Asks: 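First the structure, then my questions, so here it is.
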Amino acid sequence: MSDTLRVALVGNPNCGKTSLFNHLTGTRQKVANYAGVTVERKVGHFQLPSGKSVRVLDLPGTYSLQATSPDEEITRDVCQGKIAEEGQQDAFLCVVDATNLKLHLGLVLEMIELGRPILVVLNMMDEARRRGIQINTQKLSQRLGVPVVETVAVRNAGIENLRHALDQEKYSIPQTELSGLTGEHHQKIEVIFKDVVSFVDQEDKRTDFLDKIFLHPVLGLLSLAVMMFVVFQAVFAWAAPFMDGIEEFFAWLGGLLGESIANPLLNSLVVDGIIAGAGSVVVFLPQILILFFFILVLEESGYLPRAAFLLDKLMFKAGLSGRAFIPLLSSFACAVPGIMATRSISDHRDRFTTIMVAPLMTCSARLPVYALLIAAFIPSQTVWGIFNLQGLVLFGLYMAGIVSALCVAFVTKFLQKDKSQHALLLELPSYRIPDIRSVAIGLLDRGKIFLKRVGGIIFALSILLWFLCTFPQAPEDATRAAIDYSFAGMLGHLMQPIFAPLGFNWQICIALIPAMAAREVVVAALGTVYALSGADDDAIAEGLASLISADGSGWSLATGLSLLVWFIYAPHCLATLATVRRETGSWKHVSIMTAYLFGLAYLMSFFTYQIASSIWG
Ligand SMILES: Nc1nc2c(ncn2[C@@H]2O[C@H](COP(=O)(O)OP(=O)(O)OP(=O)(O)O)[C@@H](O)[C@H]2O)c(=O)[nH]1
Ligand SMILES: [Mg+2]
């Protein structure tokens with residue numbers, strides 16, 4: 001046996017495995033209050049009090065070892081020691097939700113039958129106590145024939161006991177007779193349950209009360225609509241002062257560097273390439289953080305599966321299985337984890353449909369693009385007394401993505417031969433007051449991811465674009481702006497006829513090319529292109545939005561709207577396409593997705609431009 005102890009966390013979905021994993025290893029894997037968050041195996045390391053090191057695996061949640069979906073197969077294979085690089089685990093930590101013992105014991109019995117060393121971790125003890133559920137841990141341990149440790153993963157309680165238990169090698173190979181119990185699993189569970197659990201008050205009153213509102217056919221939909229409105233209003237209303245601050249900072253920095261760098265080429269690279277490019281994206285950090293604040297709070301509260309429940313009929317009609325809800329929801333942050341989350345869908349046609357529509361959900365990378373165009377073209381005025389028009393338009397863009405996804409799913413299902421429908425089977429977790437600390441940590445992580453993208457891919461592409469926009473340089477006797485003579489200028493003019501029916505000018509055409517890598521790049525690219533297009537410095541200092549807005553010499557409203565619509569559909573994200581390739585193992589799916597998304601983007605932008613320009617000229 002090697003020095004390192006190998007253990008794996010096994011349990012039903014949403015019982016707190018990842019929370020435990022994070023506390024044991026000091027990492028920050030994603031945790032949320034709904035089933036199916038973890039869909040891959042994750043490795044972490046920590047040390048026991050004696051100094052012995054432990055390698056721990058976090059696994060996707062599963063109701064049984066009879067796997068039906070790709071994520072459950074991972075857990076089954078690790079438990080059965082079938083994954084070569086994982087080998088055999090020295091022990092399994094069977095995590096059980098103390099408030100849901102009857103259901104969760106099923107998997108524990110299956111694990112016991114495997115005959116491998118086990119330690120049962122009775123998690124969510126705080127929740128159980130709050131609801132008056134009393135569990136006799138000692139008796140449970142006797143009945144199961146394995147040690148049981150109580151924990152409250154979110155409060156870091158009981159984790160030390162767990163470490164000590166591992167140190168003392170308390171995990172044991174269970175006695176298969178289960179202290180003399182006979183019969184089917186459910187019969188055994190009944191006996192054990194009656195023996196170890198006593199209730200003072202079994203009901204979760206808070207959850208029952210809230211569900212009367214949130215699951216009510218009318219009140220429920222109404223509260224969902226109110227919640228969404230508040231989120232989109234806040235994104236615009238709360239962010240403004242912070243965005244102004246960041247904008248001023250970059251204008252000041254640009255001025256300072258502009259004056260201090262004498263070499264004209266270097267000056268242009270820094271001011272027009274880097275600051276006008278990458279700097280113009282950083283401005284959107286406050287809006288991203290506000291959006292994620294709401295997403296994180298909703299995720300932790302346990303509300304989200306209720307929304308799935310409310311919208312189930314609609315999704316069902318569109319041919320999406322209820323299981324598609326969580327992957328589609330994750331896609332609002334980013335399509336990459338969304339597409340990975342489809343591993344929890346067992347039917348492969350349902351999974352295919354969900355993967356195909358996931359990029360239509362408005363990911364956070366679109367937010368800077370939408371926010372820029374909305375600020376430039378939509379006046380900030382109040383409608384119906386309370387709503388900010390800009391917030392309403394943003395809401396409309398999100399809805400457009402959702403409605404398009406439902407339509408595409410409907411068509412996909414229609415084209416498939418298999419018309420079978422899979423009803424919603426979704427566990428509704430208890431409501432929980434979000435932990436401020438974990439929301440703050442989540443926000444910090446999100447902010448870091450965003451800034452890393454700005455400092456990484458967006459920064460690099462801004463510099464590349466600056467080169468393409470600067471060389472070859474204009475001749476001495478140039479009559480037009482220098483950028484017209486550059487590679488990028490030539491390319492833009494070459495592409496422009498293709499995009500003219502959509503109302504895109506050559507500057508937009510140039511910006512679309514680097515934006516193939518990631519959507520926010522279009523903002524950076526427009527910043528660089530306009531900074532180099534001979535616009536005067538005062539106008540640049542006022543920000544990109546005022547440069548492109550219809551008031552100045554910018555675009556028409558029709559062009560602005562057309563570009564907004566383009567970004568609802570166009571697949572400007574290499575990471576998504578790479579994930580589809582990895583998850584489906586075929587280039588065919590990638591080609592279908594790319595072709596249909598570009599096709600839709602072109603068509604919808606075309607109609608938007610033609611209709612808008614016939615109305616507003
Ligand atoms: N009150 C309370 N909440 C907990 C406890 N442990 C975890 N949670 C919460 O339970 C929810 C699920 O936690 P996760 O760690 O994501 O659960 P998981 O078992 O990894 O879930 P899957 O990856 O979906 O299988 C989150 O909202 C956690 O904050 C606990 O001991 N007490
Ligand atoms: Mg998990």
Side-chain angles (χ1 to χ4, degrees), residues 8-25 27-44 56-64 67 69-72 74-76 78 92-101 103-104 107-108 121-131 133 135 149-159 161-162 204 206-207 295-306 308 323 325-327 329-330 337 340-345 426-442:
L9 291 156
V10 184
N12 286 36
N14 209 34
C15 64
K17 297 176 293 300
T18 306
S19 305
L20 271 175
F21 178 86
N22 285 347
H23 277 291
L24 285 170
T25 60
T27 50
R28 293 183 196 163
Q29 295 299 332
K30 186 169 171 61
V31 166
N33 191 6
Y34 49 76
V37 179
T38 310
V39 289
E40 308 182 277
R41 57 182 209 270
K42 283 270 154 58
V43 183
V56 57
L57 266 183
D58 184 23
L59 294 172
T62 182
Y63 295 100
S64 96
S69 57
D71 59 336
E72 291 173 357
I74 297 173
T75 304
R76 180 199 62 196
V78 170
F92 288 98
L93 304 181
C94 284
V95 187
V96 173
D97 175 354
T99 65
N100 221 343
L101 196 58
L103 180 71
H104 288 209
L107 182 65
V108 175
V121 181
L122 198 55
N123 192 36
M124 308 246 185
M125 282 307 289
D126 56 332
E127 203 44 37
R129 278 186 211 113
R130 186 177 73 78
R131 284 164 45 185
I133 302 169
I135 302 174
V149 177
E150 293 183 11
T151 57
V152 181
V154 278
R155 309 250 173 286
N156 211 1
I159 308 271
N161 289 345
L162 182 58
D204 182 0
R206 181 164 71 191
T207 294
I295 293 182
L296 288 167
V297 167
L298 285 175
E299 271 182 355
E300 269 299 290
S301 70
Y303 172 74
L304 293 178
R306 269 79 185 181
R323 277 273 178 156
F325 186 80
I326 300 296
L329 196 79
S330 313
M340 285 174 50
T342 62
R343 290 184 186 181
S344 61
I345 302 175
L426 204 63
E427 215 182 306
L428 296 181
S430 318
Y431 289 99
R432 204 159 282 146
I433 296 168
D435 178 37
I436 297 184
R437 216 182 78 94
S438 54
V439 171
I441 291 175

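Computed from a predicted model, the values in this text were never measured in an experiment. In listed order, ligands and their atoms are each counted from 1.
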Asks: Does only the side chain of Arg432 get under 4.0 Å from ligand 1, or the backbone, or both, or neither? Count heavy atoms.
Replies: side chain
Asks: Can you find an N or O of Lys30 that's nearer than 3.5 Å to an N or O of ligand 1?
Replies: no
Asks: Taking N or O atoms only and a 3.5 Å limit, does Gly16 qualify as a polar contact for ligand 1?
Replies: yes
Asks: Under 3.5 Å between any N/O of Cys15 and any N/O of ligand 1: does that happen in this structure?
Replies: yes
Asks: List the closest protein heavy-atom neighbour of atom 23 (O) of ligand 1: residue, atom name, distance to the nearest 0.1 Å.
Replies: Thr38 OG1, 2.7 Å
Asks: Go through ligand 1 atom by atom and flag the ones less than 4.0 Å from a non-hydrogen atom of Pro13.
Replies: 25 (O)
Asks: Write out the residue and atom name of the closest protein heavy atom to atom 20 (O) of ligand 1, then the distance separating them to 0.1 Å.
Replies: Thr18 OG1, 2.7 Å
Asks: Return yes if a side-chain donor-acceptor contact under 3.5 Å exists between Asp58 and Thr18, otherwise no.
Replies: yes
Asks: Look at ligand 1 and say whether Gly11 reaches it with a heavy atom at a distance under 4.0 Å.
Replies: no
Asks: Return the minimal non-hydrogen interatomic distance between Met125 and Ala98, and the atom names on each side.
Replies: SD-CB, 3.6 Å
Asks: Return the minimal non-hydrogen interatomic distance between Ala67 and Arg76, and the atom names on each side.
Replies: CB-NH1, 3.9 Å
Asks: Between Asn33 and Ser430 (side chain of the first, backbone of the second, donor and acceptor by atom type, cut-off under 3.5 Å), is there such a pair?
Replies: yes
Asks: Side chain, backbone, both or neither: which applies to Ala32 and ligand 1 if a contact is any heavy-atom pair less than 4.0 Å apart?
Replies: backbone
Asks: Short list, please: which atoms of ligand 1 are under 4.0 Å from a heavy atom of Gly61?
Replies: 25 (O)
Asks: Just need the protein heavy atom nearest to atom 30 (C) of ligand 1, so name the residue and atom and give the distance.
Replies: Val154 CG2, 3.5 Å
Asks: Got a donor-acceptor contact below 3.5 angstrom from the Asn14 side chain to the Tyr34 backbone?
Replies: yes
Asks: Which atom names give the shortest non-hydrogen contact between Leu101 and Val96, and what distance separates them?
Replies: CD1-CG1, 3.4 Å
Asks: Let me check your reading of the structure: within less than 2.8 Å of the Mg ion (ligand 2), is there an N/O/S atom from Thr18?
Replies: yes
Asks: Measure from atom 15 (O) of ligand 1 to every heavy atom in Ser19, Pro60, Ala153 and give the option owning the shortest one.
Replies: Ser19
Asks: Go through ligand 1 atom by atom and flag the ones less than 4.0 Å from a non-hydrogen atom of Ala35.
Replies: 24 (O)
Asks: Using a cut-off of strictly less than 2.8 Å, determine whether Thr38 has an N/O/S atom near the Mg ion (ligand 2).
Replies: yes
Asks: Pairs of nitrogen or oxygen atoms closer than 3.5 Å, one from Leu59 and one from ligand 1: do any exist?
Replies: no
Asks: Any idea which atoms of ligand 1 are less than 4.0 Å away from a heavy-atom of Glu300?
Replies: 26 (C), 27 (O), 29 (O)
Asks: Report, in ascending order of atom number, the atoms of ligand 1 lying under 4.0 Å from any heavy atom of Val31.
Replies: 13 (O), 14 (P), 15 (O), 16 (O), 26 (C), 28 (C), 29 (O)
Asks: Among all protein heavy atoms, pick the one closest to atom 12 (C) of ligand 1 and tell me residue, atom and distance.
Replies: Asn14 OD1, 2.9 Å
Asks: So does Leu59 get a backbone contact from the side chain of Arg41, meaning a donor-acceptor N/O pair under 3.5 Å?
Replies: no
Asks: Can you list the ligand 1 atoms lying under 4.0 Å from a non-hydrogen atom of Tyr34?
Replies: 24 (O)
Asks: Which protein heavy atom lies closest to atom 6 (N) of ligand 1, and at what distance to 0.1 Å?
Replies: Asn123 ND2, 3.1 Å
Asks: Have a look at ligand 1 and work out which part of Asp126, if any, has a heavy atom under 4.0 Å from it: side chain, backbone, both or neither.
Replies: side chain
Asks: Charged N to carboxylate O below 4.0 Å: is that the case for Lys42 and Glu40?
Replies: yes
Asks: Indicate yes or no: does Glu299 engage Lys30 in a salt bridge with an N to O separation below 4.0 Å.
Replies: yes
Asks: Checking the side chain of Thr62 only, and the main-chain atoms of Thr75 only, is there a donor and an acceptor separated by less than 3.5 Å?
Replies: no
Asks: Looking only at heavy atoms, what is the nearest atom pair of Phe92 and Val10, with distance?
Replies: CD2-CG2, 3.5 Å
Asks: Under the 6.0 Å and 45° cation-pi test, does Arg432 pair with Tyr303?
Replies: no
Asks: Would Met124 count as being in polar contact with ligand 1, using the rule that some N or O on each side must be under 3.5 angstrom apart?
Replies: yes
Asks: Taking the non-hydrogen atoms of Phe21, is any one of them nearer than 4.0 angstrom to ligand 1?
Replies: no
Asks: Quick test of your reading of the model: are Arg129 and Glu150 salt-bridged, counting only N-O distances below 4.0 Å?
Replies: yes
Asks: Taking distance alone, with no angle check, do Gly36 and ligand 1 share an N/O pair under 3.5 Å?
Replies: yes
Asks: Within the distance-only criterion (no hydrogens, no angle test), does the side chain of Asn123 pair as donor or acceptor with the backbone N or O of Cys15 below 3.5 angstrom?
Replies: yes
Asks: Check whether Thr151 reaches the backbone of Ala157 with its side chain - one donor and one acceptor, N or O, closer than 3.5 Å.
Replies: no
Asks: Indicate yes or no: does an N/O atom of Lys17 lie under 3.5 Å from an N/O atom of ligand 1?
Replies: yes
